Amino acid sequence: MIFKTLISTSAAIMAFASGIAATMAPNYPQPGTVWTAGKQYTITWADDGNSPSANESWTNFKIDFMTGDNINMVHLTNVASGLDASAISSYTWTAPQVDPYSAIYFLQFTNGEAAWTTRFAIVAQDGDTPAKEPESTQPSGDAIPWGVGKLASGAAAPAASSPAASSPAASSPAPAETNSAPADSNTPAADANAPAAETPKSTVPAAKDKDTEDSGVSAIRASLGTLAVAMVAAGYSLA
């Protein structure tokens, strides 16, 4: 019962002052969501009903895995980039191993604007109870539990999965409340496993050997001399 109360409280939507309409409404993970590290889950979103629609304005966005409070958000890893809301409405991702296993994580959607999921929990094994959030009050004074987590020591960030093969539904369910804020300033690091660029093979011909070059010149000269003698002989014959 205590856990349910805490998770419900931490599920409150993060509020930020902004004059930009988000048009993006992340709806899963949702309040009370608990993921098990190492398992795959489908992140979903919908249009929040504002204009322009997500299909028009969210055609190239990214999702990041975050932690921290509502103001000092901490980027942990990139989930996916180059997503197009006009083509898909979900993305499958593997829950990472984290420290602590608590309801202090959330997802940030960014395309120049930003929208967030509610905070959700990650546990090590099915059936585990998430640890209590380290903090019970936001820096603003709001009674919203939070904490700063990290990827577990020695655990690699989960590899990005392929977008789920689903197109936006004609009528989306009522979207969860979303918020807008300036774009996230954290850019995911370049993939350290990317193959190194192949060094092109040299196409410059090797320098010729001087003796070989001299021999060639001599042969040409000898041929020219023989040709000259033949021409002279032919001239006398014709005369």
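For clarity, every value in this text was computed on a predicted model and none was experimentally measured. In this chain, residues are counted from 1 in sequence order.
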Test log, rule side chain to side chain contact (heavy atoms under 4.5 Å, CB included), inputs M24 and D47: CA-CA 5 Å; M24 168 60 74; D47 192 301; over 6 Å; no
Heavy-atom closest pair, residues A85 and A54: CB-O, 3.7 Å
Contact summary for P29 and T118, nearest pair of heavy atoms: O-OG1, 4.1 Å
Side-chain H-bond candidate by donor/acceptor type, T33 with Q30, under 3.5 Å: no
Parallel, tilted or perpendicular: ring planes of F65 versus F120, cut at 30 and 60 degrees: tilted
S90 side chain to T44 backbone, donor-acceptor under 3.5 Å: no
S89 side, atom OG; I43 side, atom CD1 - distance, nearest 0.5 Å: 12.5 Å
Shortest non-hydrogen contact from W116 toward M73: NE1-SD, 3.2 Å
D99 CG to I122 CD1 distance, which is reported to the nearest 0.5 Å: 11.5 Å
Rounded distance [0.5 Å steps], CD in Q125 versus NZ in K39: 10.0 Å
Main-chain N/O of I63 paired to N78 side chain as donor or acceptor, under 3.5 Å: yes
Closest heavy-atom pair and its distance - I88, L83: CD1-CD2, 4.0 Å
Side-chain donor/acceptor of N72 to backbone N/O of D69, under 3.5 Å: no
Heavy-atom closest contact (A25 atom, D48 atom, distance): CB-CB, 3.9 Å
Within-4.5 Å side-chain heavy-atom neighbours: Q40 and W93: no
Donor-acceptor contact present, side-chain S102 to main-chain A131, <3.5 Å: yes
Exercise: do T23 and S57 side chains pair donor with acceptor under 3.5 Å: yes
Shortest non-hydrogen contact between L151 and P96, atoms and distance: CD2-CB, 3.9 Å
Backbone N/O of G147 and side chain of E135: donor-acceptor pair under 3.5 Å: no
Spacing of CZ belonging to F61 relative to CD belonging to Q108, to within rounding of 0.5 Å: 12.5 Å
Under 3.5 Å: donor-acceptor pair, side chain of W146, backbone of T137: yes
Verdict with reasoning, D64 to T77, per side chain to side chain contact (heavy atoms under 4.5 Å, CB included): CA-CA 6 Å; D64 291 309; T77 190; over 6 Å; no
Aromatic plane relationship, Y41 with W35 - under 30° parallel, 30 to 60° tilted, over 60° perpendicular: parallel
Donor-acceptor pair, side chain of N111 and main chain of N60, under 3.5 angstrom: no
Residue pair I71 / Q138, side-chain heavy-atom distance below 4.5 Å: no
L107/Y91 under side chain to side chain contact (heavy atoms under 4.5 Å, CB included): CA gap, chis, key distance, verdict: CA-CA 12 Å; L107 301 176; Y91 188 84; over 6 Å; no
Check: T42 and Y28 side chains under 4.5 Å, non-hydrogen atoms: no
Within-4.5 Å side-chain heavy-atom neighbours: N70 and S140: no
Residue pair D84 / S86, side-chain donor-acceptor N/O under 3.5 Å: yes
Spatial distance of atom CG (L76) from atom CE (M66) [nearest 0.5 Å]: 7.5 Å
Heavy-atom side-chain proximity of K62 to F109 below 4.5 angstrom: no
